[in-house]
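Scroll down for the structure; my scribbles are underneath it.
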Amino acid sequence: MDRWDRVGSVAAYGAALALTPYLLIKVSWVVGSLLGLLPAGTGFGKVEWVVLNSATIGMAGTGIAVALALVRPWGMRLPGAPLAFCAWVGTGFLVPVLPYAVLSPLLGSADGNPKSEGDAGPSMPGWEAALVQIGFIGMGLGLAIALPTYLRRRWPDAFTGRLGDGGVGTPRVPPWMAVVGATVGLIWLYWAAGGTAGVIHRGERDLAWHVLSGVFGLWAFVASAATWAAVRGRPARVPRWGPMVLGWLGSGSLFAWSGWKLPFTLYLAVAQPADAALPESLALAALLHFAAVWTGAAMLRALVRTRLVSSNS
């Protein structure tokens with residue numbers, strides 16, 4: 001085991017340890033709600049609240065398992081596709097929003113973590129909020145370090161060479177991925193800058209909403225540019241690892257965050273709770289999230305095909 005593998009090992013164990021309190025907190029919320037000891041969160045009935053937090057329990061448990069798989073010997077024997085998919089979703093959730101997670105207490109976030117809608121607790125004390133924030137930051141940093149060391153061991157040729165090595169990457173890749181991703185990003189950046197078109201509840205906007213809209217919009221642009229460069233093999237002299245890493249993170253951000261927000265948006269559209277609302281039009285928000293999920297998945301497929309073409313060249 002060389003120096004980088006040792007660093008990756010510490011990072012992976014640290015990520016799993018950091019997210020464990022979040023998992024336990026979510027379990028306590030579900031159990032407390034079922035026993036009538038804790039109220040449901042704003043805008044939710046008991047059933048919806050239990051379902052939502054049961055989903056986050058599954059996500060947290062999967063995240064801990066993925067972190068351990070990146071360092072334990074059995075992780076090298078797992079099928080590559082499902083492990084890579086889970087790692088892609090996990091890094092897409094956490095790594096792009098790490099700066100926001102660190103600065104969120106200064107932005108007025110109620111619980112101090114990079115939450116999506118509906119993830120706030122019914123009443124979260126300060127110590128609990130701190131554990132949640134540590135869990136997100138620790139898992140994000142841990143995956144950012146441990147995942148590359150794992151990929152380096154399992155697929156050493158995935159990020160080597162330059163974009164132009166072996167000619168153009170995947171042939172006849174349509175430009176729609178970059179166009180759709182950039183369009184979604186442009187709308188989010190427009191809202192982040194204060195634009196009001198498509199915003200129907202202006203009073204629901206806060207600083208955190210503006211910042212997160214800007215973060216997701218920026219990563220949508222990064223994903224579009226990086227994926228397009230990787231699949232076209234241009235600029236030829238750019239090291240392959242740069243666009244591949246940025247495309248991986250950006251496409252994961254599109255897929256993971258919009259995949260999480262889309263069901264919540266649809267729930268608001270159907271249930272129309274009186275005490276919960278999004279700033280943006282629900283129809284437009286649902287359309288953007290659907291486009292982001294579809295585009296993020298297509299970008300990942302294009303990146304994987306590019307890697308396979310490059311490996312066989």
Side chains of Trp188 and Leu288 in contact at under 4.5 Å (non-hydrogen atoms): yes

Distance in Å, Leu19 CG paired with Ile137 CD1, rounded so as to fall on 0.5 Å steps: 12.5 Å

Hydrophobic cluster membership, Leu141 vs Ile134, 4.5 Å side-chain cutoff: no

Reported CZ-to-OG1 distance for the pair Phe221 and Thr183, which is rounded to 0.5 angstrom: 7.5 Å

Interatomic distance, Leu246 atom CG to Leu303 atom CG [nearest 0.5 angstrom]: 10.5 Å

Flag, side chain of Arg232 to backbone of Thr227, donor-acceptor distance under 3.5 Å: no

Verdict with reasoning, Met244 to Trp241, per side chain to side chain contact (heavy atoms under 4.5 Å, CB included): CA-CA 5 Å; Met244 292 291 286; Trp241 68 266; 5.6 Å; no

Validation row: Tyr22, Gln133 side chains within 4.5 angstrom (heavy atoms): no

Ser251 side chain to Ala223 backbone, donor-acceptor under 3.5 Å: no

Residues clustering with Val47 (ILVMFWY side chains joined when closer than 4.5 Å, directly or via others): Val51

CD on Glu204 to CG on Leu278, rounded to 0.5 Å: 8.5 Å

ILVMFWY network linking Leu189 to Val199, side-chain heavy atoms under 4.5 angstrom: no

Same apolar cluster: Leu212 and Leu207, side chain cutoff 4.5 Å: yes

ILVMFWY cluster, Leu35 and Val50 together (side-chain gap under 4.5 Å): yes

Side-chain donor/acceptor of Ser9 to backbone N/O of Asp5, under 3.5 Å: no

Validation row: Val7, Ile145 side chains within 4.5 angstrom (heavy atoms): yes

4.5 Å side-chain heavy-atom contact, Leu68 and Trp74: yes

Interatomic spacing from OG in Ser33 to CG in Leu52 - rounded to 0.5 Å: 10.5 Å

Gap separating the CG atom of Leu94 from the CE atom of Met139, nearest 0.5 angstrom: 7.0 Å

Ring centroid separation Trp88 to Phe255 under 6.0 Å: yes

Greater than 12 external heavy atoms within 6.0 Å of Phe290's CZ: no

Main-chain N/O of Leu262 paired with Tyr267 side-chain donor or acceptor, under 3.5 Å: no

Any donor-acceptor N/O pair, His210 side chain to Ala192 backbone, under 3.5 Å: yes

Side-chain heavy-atom pair Val238, Arg162 within 4.5 angstrom cut-off: no

Same apolar cluster: Met76 and Leu83, side chain cutoff 4.5 Å: yes

Heavy-atom check, side chain of Arg205 versus side chain of Thr196, under 4.5 Å: yes

Main-chain N/O of Phe93 paired to Trp257 side chain as donor or acceptor, under 3.5 Å: yes

Close side-chain approach of Val180 to Trp294, heavy-atom, < 4.5 Å: no

Main-chain N/O of Ala197 paired to Trp191 side chain as donor or acceptor, under 3.5 Å: yes

Stepwise side chain to side chain contact (heavy atoms under 4.5 Å, CB included) test for Leu254 and Phe216: CA-CA 8 Å; Leu254 283 167; Phe216 296 139; over 6 Å; no

pair Met299-Ser224: side-chain heavy atoms closer than 4.5 Å: yes

Flag, side chain of Ser28 to backbone of Ile25, donor-acceptor distance under 3.5 Å: yes

Heavy-atom pair of closest approach, residues Leu143 and Gly90: CD1-C, 3.9 Å

